Number of protein chains: 2
Amino acid sequence: MTIRSQLLKGILDACVMAIVEEQAIYGYELSQKLQKAGLPDISDGTIYPVLLRLQKNGFIRSEMRPSDSGPNRKYYFLTDNGTEELERIAKEWMLIASPVSNLLKRGENNAKHKTINQ
Amino acid sequence: MTIRSQLLKGILDACVMAIVEEQAIYGYELSQKLQKAGLPDISDGTIYPVLLRLQKNGFIRSEMRPSDSGPNRKYYFLTDNGTEELERIAKEWMLIASPVSNLLKRGENNAKHKTINQ
DNA sequence: AAACGCTATCTTGTATTACAAAGTAATGGG
DNA sequence: CCCATTACTTTGTAATACAAGATAGCGTTT
């Protein structure tokens, strides 16, 4: 498993909900949106389970619609519960991301750090 | 499992390494450092497995030292491999954290977003 | 029509890891 | 001697990103 996989844990659901909130979207298009948003190479084997999970939990709902070119598409919409959940996760994210980013900046020049214990 | 648990996945190792890089430290003290850094309530059931994993992978090494009050302490140091790994994870973190934060900002006012599909 | 490529979705299995829970052990104070 | 505190370890569980594979509709080319 890659580092990236681990970093995405838990936050991918919120990313998907954030995109669905902006506009109703179907799975295949979603992976392209994620790519544009700066999260490339999220495979459909990842995305569809996320969508199913979100729907099962009542955070999104779906609606089949025909396509001009190709098989039917399942469009997803954010529910009210989904909006609440998204807000909750977004808050938690900020709470975690901020201190982590600070820690990982590591004071720019680490050669300086020679503590008593070293 | 909480949202927070998921968000911490994969990044906790790097946080621990970042702290160990600053100064040699033992497990018990580490949880207090994490607290101060803005990551409270990381239990020892989480921290010690992290330390064991990092050591097994050669990213940190340890050294027993007597304590003035209580049992001996196992101090941890970052290895050269650890420094490299930390840098790798830090880069990946920035790559993920930035687009995620953007997505989760959700354009401040979402009431406006009424697309054709809604 | 047969073959192909693209669009689109779903399912199964695996590896990883935060955390709870429980246990072990050393020290010093009462 | 008991107990609190410090300090470390082990075991088990739940959650989830992803690979891999299966299914199927549509248009274009052969």
Side-chain angles (χ1 to χ4, degrees), chain A residues 1-17 24-35 39-57 59-60 62-76 85 89 92 96 100, chain B residues 1-17 24-35 39-57 59-60 62-76 85 89 92 96 100:
Chain A
M1 214 171 208
T2 64
I3 293 172
R4 192 164 166 274
S5 317
Q6 291 301 326
L7 295 185
L8 285 173
K9 285 234 165 153
I11 199 56
L12 201 53
D13 286 32
C15 290
V16 167
M17 281 194 281
I25 203 168
Y26 56 100
Y28 197 81
E29 196 184 2
L30 188 63
S31 67
Q32 296 165 348
K33 276 272 174 183
L34 282 171
Q35 188 121 8
L39 296 172
D41 306 319
I42 313 258
S43 79
D44 61 327
T46 299
I47 287 173
Y48 287 109
V50 168
L51 289 172
L52 290 175
R53 184 166 63 238
L54 289 176
Q55 189 169 29
K56 200 181 83 183
N57 293 334
F59 299 140
I60 58 176
S62 65
E63 196 180 304
M64 279 304 241
R65 291 184 187 174
S67 165
D68 298 352
S69 60
N72 286 348
R73 296 163 173 174
K74 195 184 273 186
Y75 279 84
Y76 290 95
E85 176 74 357
I89 300 183
E92 295 256 20
I96 300 284
V100 168
Chain B
M1 214 171 206
T2 63
I3 293 172
R4 193 166 166 274
S5 317
Q6 291 301 326
L7 295 187
L8 285 173
K9 284 237 167 150
I11 199 56
L12 201 53
D13 285 33
C15 290
V16 167
M17 283 194 279
I25 204 169
Y26 56 100
Y28 198 80
E29 198 186 0
L30 187 63
S31 69
Q32 296 166 347
K33 276 272 174 182
L34 282 170
Q35 188 121 8
L39 296 170
D41 306 320
I42 313 259
S43 79
D44 60 328
T46 298
I47 287 174
Y48 287 108
V50 169
L51 289 172
L52 290 175
R53 184 165 63 238
L54 290 176
Q55 189 169 27
K56 202 182 80 183
N57 293 335
F59 300 141
I60 57 177
S62 66
E63 192 181 306
M64 282 303 240
R65 291 183 186 174
S67 166
D68 297 352
S69 60
N72 286 349
R73 293 165 175 172
K74 194 183 272 185
Y75 281 82
Y76 290 95
E85 175 74 356
I89 300 182
E92 295 257 19
I96 299 285
V100 168

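These figures come from a predicted structure and were not determined experimentally. Convention: sequence-line order gives letters A, B, ...; per-chain numbering from 1.
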Is any side-chain heavy atom of Val50(B) less than 4.5 Å from a side-chain heavy atom of Ile42(B)? no

Quiz item: Lys9(A) side-chain donor-acceptor pair to dT16(C) base, under 3.5 Å: yes

Base, sugar-phosphate or nothing for Gly45(A)? Non-hydrogen atoms, less than 4.0 Å. base

Taking the nucleotide of DNA chain C with the nearest heavy atom to each, does Gln6(B) or Thr46(A) sit closer to the 5' end? Thr46(A)

Arg53(A) side-chain proximity, nearest of dT6(D), dA8(C), dA17(D): dA17(D)

Quick check for you: among dT17(C), dA17(D), dT9(C), whose closest atom lies nearest to any side-chain atom of Tyr48(A)? dT9(C)

Of the listed nucleotides dC10(C), dC19(C), dA17(D), the one nearest the side chain of Lys74(A): dC10(C)

Among dA17(D), dT9(C), dA22(C), the one nearest any side-chain atom of Leu12(A) is dA17(D)

Sequence neighbours excluded, which residues qualify as side-chain contact (heavy atoms from CB on, under 4.5 Å) partners of Glu92(B)? Ile3(A), Arg4(A), Leu7(A)

Could you please name the option among dT9(C), dC19(C), dC18(D) that lies closest to any side-chain atom of Tyr26(A)? dT9(C)

Looking for any heavy atom pair under 4.0 Å, which part of the strands does Leu52(A) touch: base, sugar-phosphate only, or nothing? sugar-phosphate

Taking the side chain of Pro49(B) as its heavy atoms from C-beta onward, which of dA8(C), dA25(C), dT10(D) lies nearest to it? dT10(D)

Please compare Gly10(A) and Asn72(A) by the position of their nearest nucleotide in DNA chain D and report the one closer to 5'. Gly10(A)

